[in-house]
Every structure is written in C-alpha cells, then in structure tokens.
Chemist: 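For reference, the structure I am asking about is given below.
Sequence lines set the chain letters: A, B, ... in the order given, protein chains first and strands last, and positions in each chain run from 1.
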Protein chains: 2
Amino acid sequence: MAVKKLKKISPIRVMLVDDHPAFRKGMAALIESEPGLEVVAQTGDGREALNLFRQKKPDVVLMDLRLPGVGGVEATMAIRKEFPDAHVIVLTTFDMDEDIYRAMQSGAKSYLLKDTPEDKIAATIRAVHAGEQVLPHGMAQRLADRQKRANLSEREMEVLQHLIKGRSNKEIGASLFLSEDTVKAHLKSLFSKLKVQDRTEAAISAIRQGIVHLE
Amino acid sequence: MAVKKLKKISPIRVMLVDDHPAFRKGMAALIESEPGLEVVAQTGDGREALNLFRQKKPDVVLMDLRLPGVGGVEATMAIRKEFPDAHVIVLTTFDMDEDIYRAMQSGAKSYLLKDTPEDKIAATIRAVHAGEQVLPHGMAQRLADRQKRANLSEREMEVLQHLIKGRSNKEIGASLFLSEDTVKAHLKSLFSKLKVQDRTEAAISAIRQGIVHLE
DNA sequence: TGCAGAATTACCCGAACGGGGAAATGACAA
DNA sequence: TTGTCATTTCCCCGTTCGGGTAATTCTGCA
C-alpha cells in the first residue's frame, strides 16, 4: 500500500488484449480520454499477450475472454505464472457463470461485460490498480452459488463432455474405459446436480450455464 | 446508377447501431479515419434506430445483430419497411448460419463479423453504398447449403423447439395437440435431416447450427 | 483413526426412445 | 390429373434410459 503511493503521480499503464480491432480502438480511445490512464500496448493475439507484457510491464491488463487460438483464460494464466502480481481484468460479451468462474480461477482481479458504461470501466481499472478485487453486483453470490449448484466432479465433467457430443451411455463407457453402469451412476448424480430429468435437458442446461462449451 | 455519381463528391454518411459503447467508439474512429466516410449518428438502442434514421437519413447503417430489447433483425426490418432502399450492413460477433440467414431475410445488404479487419469494413461500406450485395467468402454457398441441409418443415421446427427445452415426446405431443406417435414421426424425419441418431444429438446440432436459439 | 464423498460396478424394472413399416388426408406443383 | 410432400396416426419390437438400491475401494479431511 505504501509502495503504491509513488505510482499515483504517474499514469496507470494499460494493456489491451482483444481480437476485435474496432473494439480495441474504441476502448483505447475511451481509456486515453480518462485522466491518469494510458494505453501502452495492444494485441489481438493471446500468445503475443505474454511477450507484450514482458516488454511493457503494464499496470493493468484488459483481457478479452474469447480469443482465437489461445483463449483469454490461458493467456491470463500464462501472465500470472510469470508475473503473479499482474492485474488482469477480464472482459467478455456475455455473462456466463462458467466463463466468470474460469476467469477468476485464472487469477483475474475483476470481470467486466463489454457493454459496461465507460465511467465504470475506468473506475474498475483504477480500483484494480489500487489492489482491489472488483466484481459486479451479485457476482460474488453467483460464484458462491455455482459452487453448490454444479460442483461437478472430474468424472462427471468427463461424462458430461461426451454427453454433449451426443454419445450413448455405452459409447461414453467405451471412451472412458468404464462400464455402462458406471456411466449411468455418474449421470444420476449429474442429473440431480443440474436439477434435470434426462440427458437432453442436461446438455441444454450445461450449455446454457456455460459449464461446457460448444465449438 | 447514374444518380449515384452525384454522391461521390460528398462523403458516405454512416449510422452505427451497437450497444457496446467502446465498440461504437472504435468503429466510429475507424470509419472517420477513412477518406470519404463519416459517422452521422450512433445509438445502442434498436428502438431508437428507426427514429435516428428518419432524422439523419444515413447512406449506410452498421447494425449489430444482438441488441438488448429490440434485436438487430427487428430494427433492420423496421427501417427497411419505411425506407426500402436503406443500405444496412449487419454486424455480429459469431458467424452462426441462422443469424446470417435471418439478417439477410430482414433485408440487410451485407453481413460482417466484428473481427473483420478495418480495411475490409471500409471496403464493404463503400461497396454496399454503391448498391452491391457483399457476402464473405463462401457465405453465399452456406446460405444455399442451409436450405438443403436443414429445410425443416414447420412442424419439425415446432417439435425441435420443444425438444430443445428438454421435453419428452409425450409432453411435446401434449403441447402441440398431437399424439405421441406423431411426434415420434416428426422426430424420425428430423433426425434424418439433421443426420443424427437421437434427440440429444439433434439438440446439440440444432444449437450449433443456430437453427434454434438458446436464451 | 474414522467418516464423508468420489469412483466403480452390479442388478432390476418400468418408461421412454428409435427404427421399420404402413396408411390416410390434404395441399400444391408438374 | 397425377404425383410429391407434409401431416397425422397406428402397430411392433428391440434398445436405451433413468430410478432405486447396494456394495466395494480409495482418498482426504477432521
């Protein structure tokens, strides 16, 4: 805290990682228009993010979650591994619980939706730079809820993964080297955790909640 | 065509409809930096789009497909209803076939992904203003394919709609006032059209292809 | 050390599902 | 007018699924 005081005289140096050129441009303009904030680096490539971070040592990183190739979560983890004190704010278009969860797991300090009003974005950058962990209203609660609602075990996740591909219990069993009965057992607890009746509902629910990803 | 020649001396007047402030800002900056293009109106509200169009009479509209409340498709249709010659370019984040299809149905002249490089965006605006219909590589083919691949009948679509909600055949039948057997019959042809084996696969496939929408 | 929870397998049973025909109606196009 | 196609319903049959119950092993936490 005492160390941070020194920084107050110099602007907060921000790095942008987003694959949309127009969005990057807009966000950059938006940040530059704020007193005490400046953009020192930009990229649309998750792989390049770490290199750029090494070079520029920004105070705060605004990281898009959905990046082509290396995703935002991976990029964030890579940065945090080398620079554990890095302040990363994750940006995304949709507020899907799983995205948020994975973002926070990867070490992000905050999570913002892209349609957040500009003043809020600037405020969040300042707060995160000051060492705070900023989450939108009710987000903390939702993260807590998530734990209870769908803390799927490893196996259940694996089974779910195959379920999403439309595989039968027998096929899933064969893929995971399990008996069909075991698969059914996992499905039973999976259904109860997701509060659904059958596999189709489970698939839909999982996709809706962002527990698994299509594409 | 001859009429258009007069316009070449004045800049192409562009209107932006997108609910992301940062994206709008960036896109505006991007357009303004192009010679012969200028932004005359911006809004993040689909309802406001028509009013703004009436006031400003832009040459080209860049319209986000996913808008809160009134969607981009509806806004586009509203504008085209009153101004059949309006040049609308639909923007979106993901290239889902159904989105593209509905966008083109609503009367859009072109369809662009938000991560399209800036020069391409400017080129598209100019082309559309000149009266061309611009579709990304292979898009025309995909639209054609879509027709063949999944030309689901009305009933099949209805059944699919319920299937996505995780309903059983019996429940679907009750909802549509059909016998369970009829539902099964529709499912049979649905499965063969989607080239899948069961309802879960069908649900996943339909969502992937954007034939139906979650949320 | 003991208990909770994850993981694994098993068996039974009734319900749901999917495939293969088949047949009747109505609409719309060739 | 003939024929194709969507729509509707029916039957049979085998497979798959989901619920209930239960037993074993292992791991981690108290």
Side-chain angles (χ1 to χ4, degrees), chain A residues 98 101 105 144-209 211-212, chain B residues 101 144-209 211-212:
Chain A
E98 186 64 13
Y101 182 74
Q105 285 286 304
D145 284 352
R146 181 193 176 281
Q147 294 290 356
K148 297 192 195 73
R149 192 185 352 132
N151 59 64
L152 307 183
S153 71
E154 296 260 328
R155 269 307 197 204
E156 286 160 359
M157 272 300 278
E158 288 179 304
V159 171
L160 180 56
Q161 220 63 258
H162 284 84
L163 176 60
I164 295 295
K165 297 201 176 89
R167 308 258 178 267
S168 70
N169 293 346
K170 191 176 293 198
E171 289 170 325
I172 297 172
S175 294
L176 299 177
F177 305 105
L178 298 175
S179 80
E180 195 183 333
D181 282 311
T182 308
V183 175
K184 286 170 75 174
H186 289 310
L187 282 180
K188 281 171 202 171
S189 66
L190 192 53
F191 291 164
S192 83
K193 284 180 182 178
L194 294 177
K195 298 201 185 74
V196 297
Q197 297 300 314
D198 57 57
R199 54 183 49 230
T200 307
E201 259 193 282
I204 307 296
S205 168
I207 294 169
R208 280 187 103 97
Q209 291 184 43
I211 296 175
V212 290
Chain B
Y101 183 75
D145 284 352
R146 179 192 177 283
Q147 296 290 356
K148 295 194 195 70
R149 188 184 354 126
N151 61 61
L152 308 183
S153 70
E154 297 261 327
R155 270 309 197 202
E156 286 159 1
M157 272 300 277
E158 289 180 305
V159 171
L160 181 57
Q161 219 64 258
H162 284 84
L163 175 60
I164 295 295
K165 298 200 176 87
R167 307 256 178 269
S168 71
N169 293 347
K170 191 176 294 199
E171 289 170 324
I172 296 173
S175 293
L176 299 177
F177 304 104
L178 298 174
S179 80
E180 195 183 332
D181 281 311
T182 308
V183 175
K184 286 169 76 172
H186 289 309
L187 282 179
K188 281 172 200 171
S189 66
L190 191 56
F191 290 164
S192 85
K193 284 181 182 176
L194 294 177
K195 298 202 184 74
V196 297
Q197 298 298 313
D198 57 56
R199 55 183 49 229
T200 307
E201 259 193 283
I204 307 298
S205 169
I207 293 168
R208 283 187 101 101
Q209 292 183 42
I211 296 174
V212 289

Chemist: Quick check: on DNA chain C, is the nucleotide nearest Ala185(B) upstream (toward 5') of the one nearest Thr200(B), or the reverse? Name the residue that is more 5'.
Modeler: Thr200(B)
Chemist: Starting at atom CG of Leu187(B), determine the distance to atom C1' of dT8(D), rounded to an integer number of angstrom.
Modeler: 14 Å
Chemist: Would you mind reporting whether Asp198(A) and Arg199(B) have side-chain heavy atoms less than 4.5 Å apart?
Modeler: no
Chemist: Side-chain contact, heavy-atom cut-off 4.5 Å: Ile204(B) with Val196(B)?
Modeler: no
Chemist: Determine the minimum heavy-atom distance between Ile172(B) and Val159(B), stating which atoms define it.
Modeler: CD1-O, 4.2 Å
Chemist: Mind calculating the distance between CD (Gln197(B)) and C1' (dT16(D)) to the nearest angstrom?
Modeler: 13 Å
Chemist: Can you check whether Arg155(B) reaches Leu176(B) side chain to side chain, under 4.5 Å on heavy atoms?
Modeler: yes
Chemist: So which heavy atom on Ile164(A) is nearest to which on Ala206(A), and how close?
Modeler: CD1-CB, 4.4 Å
Chemist: Measure the angle between the two terminal helix axes of the helix from dT1(C)-dA30(D) to dA30(C)-dT1(D), five base pairs each, and quote it to 10°.
Modeler: 50°
Chemist: Answer yes or no: is there a side-chain heavy-atom contact under 4.5 Å between His186(B) and Leu178(B)?
Modeler: yes
Chemist: Does Lys184(B) get its side chain close enough to the base of dG18(C), under 3.5 Å, for a donor-acceptor pair?
Modeler: yes
Chemist: Tell me: CG of Leu190(B) to P of dT7(D), nearest whole Å?
Modeler: 12 Å
Chemist: Within the pair Thr182(A) and dT9(C), is there a side-chain N or O less than 4.0 Å away from OP1 or OP2?
Modeler: yes
Chemist: In whole angstrom, give the distance that lies between atom CG of Asp198(B) and atom C1' of dG19(C).
Modeler: 13 Å
Chemist: Using atom CD of Glu156(A) as one end and atom P of dG5(C) as the other, report the distance to the nearest whole Å.
Modeler: 13 Å
Chemist: Check side chain to side chain contact (heavy atoms under 4.5 Å, CB included) between Glu180(A) and all other residues, then give those that pass, not counting sequence neighbours.
Modeler: Asn169(A), Lys170(A)
Chemist: Contact between Glu154(A) and Met157(A) at the side-chain level, heavy atoms closer than 4.5 Å - yes or no?
Modeler: no
Chemist: In whole Å, I'd like the distance from the CZ atom of Arg155(B) to the P atom of dT9(D).
Modeler: 9 Å
Chemist: Could you give the NZ-to-P distance, from Lys188(A) to dA10(C), as a whole number of Å?
Modeler: 13 Å
Chemist: Please confirm whether the shortest side-chain N or O distance from Ser153(B) to OP1 or OP2 of dT7(D) is below 4.0 Å.
Modeler: yes
Chemist: For the residue pair Lys165(A) and Glu201(B), what are the closest heavy atoms and their distance?
Modeler: O-CG, 3.9 Å
Chemist: Could you list by number each residue of residues 166-180 of chain A showing a heavy-atom separation from DNA chain D of less than 4.0 Å, or answer none if no residue does?
Modeler: Ser168(A), Asn169(A), Lys170(A)
Chemist: Whole angstroms only, please: what is the CG-P distance between Asp181(B) and dA22(C)?
Modeler: 16 Å
